Amino acid sequence: MLLPLQARLAEAVRSAARSAFGAELGELSFQYPPRLELGDLALTAPFDLARALRQNPREIAARLAGELSRASGVRRAEVAGGGYVNLFLDRAAFARELHASLRAAAGPPRVPGRVIVEHTSINPNKAAHIGHLRNAALGDTFVRVLRHRGREVGVQNYIDDTGIQVADVVVGFLHMDKKGLAEVERIEGRFDDYCWDLYARVGDFYAEDPSRRGLQAETLHAIEAGGNETARLAAHVAARIVERHLDTMERLGIRYDLLARESDILRLHFWERAFELLKQAGALRLETEGKNAGCWVLSMEDSIDSSALGAPAEATSAPPARDSHPRGRNLEDESPRGRGSPAGEARRIDEDKVIVRSNGTVTYTGKDIAYQLWKLGRLDRDFRYRRHRVYPDGHVLWTTTSEAGFPPLGAAKRTRTMSGGEFTSPPLKTRGGVLGGAPLAPPSSMTDDGEPGAPVFGHARAVYNVIDVGQSYPQRVVKAGVAALAGPDAATASHHLAYEKVVLSPATARALGYAVGADEAAVKVSGRKGLGVKANDLVDALLAKARSEIDARDPERDAPARERAASAIAVGALRYFLLKYGRTKIITFDMEEALSFTGETGPYVQNGVVRARNIFAKMEAEGHRPEELAGRAAGLDLGTMLEGEEGDEAWSLLLLMARSDEVAEQAVKAEEVSLVAKHAFAVAQAFHAYYQNPRYSVLHAESEDRRAFRTMLVDAFLRQMDVLTSLLGIPVPEKM
RNA sequence: GCGCCCGUAGCUCAGCAGGAUAGAGCAGCGGUUUCCUAAACCGCAGGCCGCCCGUUCGAGUCGGGCCGGGCGCACCA
């Protein structure tokens with residue numbers, strides 16, 4: 001709401017600067033004076049002009065203030081401090097417009113082009129833990145904010161179903177537990193928890209006898225080759241764990257559009273194609289001597305313009321130098337250091353990164369380059385798709401597939417073209433045919449291939465990969481590969497949304513049964529050791545806490561209502577907890593703190609909304625019509641209402657709410673969703689304070705006009721919070 | 001060695017496209033419930049913004065250099 005006004009005022013400032021000083025101002029931003037008495041918006045442009053013009057900033061400010069005081073929407077403008085121009089807005093007009101726009105709930109204009117956000121991407125070999133939740137909460141919230149700001153977003157969850165982590169669990173089943181596919185299928189209960197324990201045992205199994213690592217390699221090869229019992233077991237494990245992960249995330253309101261499986265990337269030969277293209281482009285070099293002899297390497301030095309890689313040292317002026325990280329996967333384990341790389345070994349910087357090993361196999365990074373190229377619509381291959389699950393609201397989650405019946409790109413003619421793409425590769429063979437006995441319907445308008453009705457995936461204008469910061473280096477390699485093949489623009493379109501890990505507080509680690517040294521400030525989560533807080537356990541603990549709080553307050557509440565509220569509070573508490581920290585901050589997870597429902601927490605935010613709703617409920621119970629009253633407020637003398645002590649307080653609340661869109665926009669630009677969380681808290685806090693004052697009672701207002709005015713304020717708050725809580729994925733219970 | 005992240009109140013963190021007396025939450029102390037009641041509100045106390053130098057009219061915010069902590073720099077993912 002504030003954004004259009006700011007744009008208008010910025011234009012007025014520019015034109016004033018032009019006419020008064022003949023100066024051209026670039027981007028200018030508004031600030032907020034520290035106190036309401038000083039003004040509603042502050043302008044620091046005079047300082048910039050003063051430098052350029054070598055004049056006194058206060059004099060410049062005076063000229064600008066004169067111009068701006070005539071701008072529409074501005075009541076007055078005054079010079080303050082060393083040369084600020086402080087603007088006082090026309091409160092009545094602003095309030096009217098704000099309320100109208102909140103009631104209309106009009107979104108921002110659509111921003112053309114598809115955006116892909118990849119998040120979660122947990123190895124499908126064990127239960128999700130707190131670190132994975134941070135990834136998912138971050139990604140999911142970023143998606144919500146992007147959509148709010150008009151982007152069309154596709155959410156992808158990458159499933160590494162052929163990787164070493166799945167192989168380890170398979171080793172555990174086959175060689176430790178002596179269980180084959182049939183036995184594993186019969187395992188009941190929480191399969192992800194079962195594998196969690198098993199995975200930890202496999203670590204010990206290898207440690208006891210290093211030669212057992214051979215089993216790992218053997219298993220991995222069998223999985224990649226496919227068509228054997230081991231591969232079928234791996235597929236079963238991965239598929240079952242993925243279901244558990246999806247269920248876990250569903251508890252938190254986190255959903256996806258597509259599961260992108262690594263096995264499909266392999267079987268549909270994405271890498272082979274990317275390899276060809278990379279060789280053609282001269283991006284890869286076959287090393288003939290040295291330690292990388294026989295490998296295809298990607299040069300990290302001269303690949304392309306280094307600014308496109310977001311090289312950290314680069315001080316690019318255009319975008320805020322925030323995006324200095326490439327991308328990777330949701331790493332959950334400490335890297336197995338200590339084996340074969342003794343400390344103190346010479347560590348010279350590698351300018352080259354091996355993409356294809358001397359034995360001809362491709363590295364993870366190579367596969368990732370292919371996947372990233374596909375996301376950007378720069379690979380002339382596509383997946384086949386089929387429906388994976390339908391969420392309760394009807395939303396369909398698709399999965400990639402390479403199975404027959406879902407013809408890949410190249411087999412059928414493609415109606416939708418890829419930007420600049422050429423289809424030189426031979427069509428892949430496909431058997432076409434039937435699905436579940438039913439003949440395949442012709443492709444829908446949205447899709448060319450695969451199961452009918454699949455939307456277009458890939459072909460993104462921008463890609464955000466939510467991956468932990470530890471993988472910044474491999475992600476830079478991916479970016480370099482993309483740059484080498486698709487140019488700097490494609491690299492720039494690839495964003496690594498890097499976030500720091502979650503570690504455990506000593507108290508929490510001890511509670512989990514781990515010995516913690518007195519000098520340790522934090523304990524690292526370790527999937528290999530089975531050390532960590534499992535996501536479902538955490539949600540369960542939050543639920544239990546919420547239930548007991550509800551019982552203490554309102555023992556009469558019926559069971560379903562109680563459960564609904566407990567769930568909302570648990571989810572709200574957890575999501576807010578995960579979102580309130582900046583993403584580059586290591587979160588030291590402490591169970592007691594996470595279970596807190598007071599202070600700067602999700603429940604505090606929820607409670608603000610519930611209290612506002614209570615006002616309306618009470619009004620209705622006493623025969624008032626809040627909706628109607630709020631609508632009538634537009635006809636009030638808002639100018640008078642917004643004066644005086646109450647007027648000031650109401651005004652500051654309105655002004656704060658009005659900043660929401662600006663905050664969301666900043667969150668997108670800075671790739672920092674904690675801004676939205678902090679803002680939602682601030683708005684709730686302002687409302688709590690206002691609400692607390694009995695003199696501002698809506699129900700017991702001194703006049704009908706006052707009541708209408710306050711009703712409008714509460715109505716605006718509810719509508720704004722509806723937006724903000726949705727952005728954060730925080731549900732609001734009917735009652736607290 | 002090179003690179004990245006972090007270092008702000010006792011604790012956990014905001015603030016960082018430079019701007020007006022540095023803000024929250026928790027913990028502590030003291031208040032506020034016949035009220036749209038408290039998962040809340042008000043007040044008190046608590047800060048060489050790691051250190052030094054620089055740029056600037058102005059630095060917690062930018063640059064350089066240190067110090068401390070974490071992470072990365074595989075033919076692992």
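Computed from a prediction, not measured in an experiment: that's the story for all the values here. Chain identifiers are assigned alphabetically (A, B, ...) following the order of the sequence lines, protein sequences preceding nucleic acid strands; residue numbering begins at 1 within each chain.
Counting only heavy atoms from C-beta on, A:Arg51 has its side chain closest to B:G58 among B:G58, B:G25, B:C75. Each of B:G25, B:U12, B:G70 was ranked by its minimum atom distance to the side chain of A:Phe681; first place goes to B:G25. Listed nucleotides: B:G70, B:A20, B:G58. Nearest to the side chain of A:Ile586: B:G70. Residue A:Thr363 has its side chain nearest to B:A77 when only B:A74, B:A77, B:C35 are considered. Among the nucleotides B:C35, B:A77, B:A14, the one closest to the side chain of A:Lys678 is B:A14. Side-chain proximity of A:Cys295 to B:G25, B:A77, B:C75: nearest is B:C75.
Between the side chain of A:Ser358 and the base of B:C75, at least one donor-acceptor pair of N or O atoms lies under 3.5 Å. Judged by distance alone, with hydrogens and angles left aside, A:Arg476 brings no side-chain donor or acceptor close enough to the base of B:G72 to form a pair under 3.5 Å. With hydrogens and angles ignored, no donor-acceptor pair under 3.5 angstrom links the side chain of A:Asn292 to the base of B:A74.
Checking side-chain atoms of A:Asp468 against main-chain N and O of A:Tyr499 turns up no donor-acceptor pair under 3.5 Å. For the pair A:Thr508 (side chain) and A:Met591 (backbone), a donor-acceptor distance under 3.5 Å is present. Judged by distance alone, the side chain of A:Asn86 and the main-chain N or O of A:Ala42 form no donor-acceptor pair under 3.5 Å. For A:His688 (side chain) and A:Tyr604 (main-chain N/O), a donor-acceptor pair under 3.5 Å exists by modelled atom type. Distance alone, capped at 3.5 Å, is enough to place a donor-acceptor pair between the A:Thr363 side chain and the A:Ile355 backbone.
Within the structure, every pair that satisfies the side chain to side chain donor-acceptor pair (under 3.5 Å) test and touches residues 35-50 of chain A, not counting sequence neighbours, is listed here: A:Asp40-A:Trp651.
For the pair A:Val714 and A:Ile615, the tightest heavy-atom approach, listed with the atom from each and the gap, is CG2-CD1, 4.2 Å. Across every non-hydrogen atom of A:Val502 and A:Ile130, the tightest pair is CG1-CG1, 3.7 Å. Listed here is the closest heavy atom pair of A:Asn135 and A:Val466: ND2-O, 3.0 Å.
Atom CZ of A:Arg659 and atom C1' of B:A14 are 13 Å apart (whole Å). Separating the CG atom of A:Leu675 from the C1' atom of B:C16 is a distance of 11 Å, rounded to the nearest angstrom. Distance CZ (A:Arg583) to C1' (B:C5): 11 Å, rounded to an integer number of Å. Atom CD of A:Gln31 and atom C1' of B:A22 are 15 Å apart (whole Å). A:Leu656 has its CG atom 16 Å from the P atom of B:G23, to the nearest Å. Spacing between atom NZ of A:Lys580 and atom P of B:G15 amounts to 13 Å, rounded to whole angstrom units. Here B:C13 presents its C1' atom at 11 Å from CZ of A:Phe577, a figure rounded to the nearest Å. Atom OH in A:Tyr32 sits roughly 15 Å away from atom C1' in B:G15 (whole-Å rounding).
Rounded to whole Å, the P atom of B:U61 lies 41 Å from the corresponding atom of B:G31. Comparing the P positions of B:U55 and B:C4 gives a spacing of 24 Å, expressed to the nearest Å. Separating the C1' atom of B:U33 from that of B:G70 is a span of 47 Å, rounded to the nearest Å.
Distances shorter than 4.0 Å separate some side-chain N or O of A:Thr584 from OP1 or OP2 on B:C6. In this model, the phosphate group of B:A17 is not approached by any side-chain N or O of A:Lys669 to a distance below 4.0 Å at OP1 or OP2. At least one side-chain nitrogen or oxygen of A:Lys585 sits closer than 4.0 Å to the OP1 or OP2 atom of B:G7.
For the pair A:Gly294 and A:Glu593, both in contact range of RNA chain B, the more 5′-proximal nearest nucleotide belongs to A:Glu593. Toward the 5′ end of RNA chain B lies the nearest nucleotide of A:Gly81, the other residue of the pair A:Arg695 and A:Gly81 mapping further downstream.
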Encoded 5' to 3' (Watson-Crick or G-U under 3.5 Å; [ ] crossing; | other strand), RNA chain B becomes (((((((..((((.....[...)))).(((((.......))))).....(((((..]....))))))))))))....
With B for base contact, S for sugar-phosphate-only contact and - for none (protein heavy atoms under 4.0 Å), nucleotides 37-43 of chain B reads SSBBSS-
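Inter-residue side-chain proximity for A:Arg707 and A:Thr711 is flagged as met; some heavy-atom pair is nearer than 4.5 Å.
For the pair A:Lys545 and A:Phe597, the cation-pi criterion (under 6.0 Å, within 45° of the ring axis) is fulfilled.
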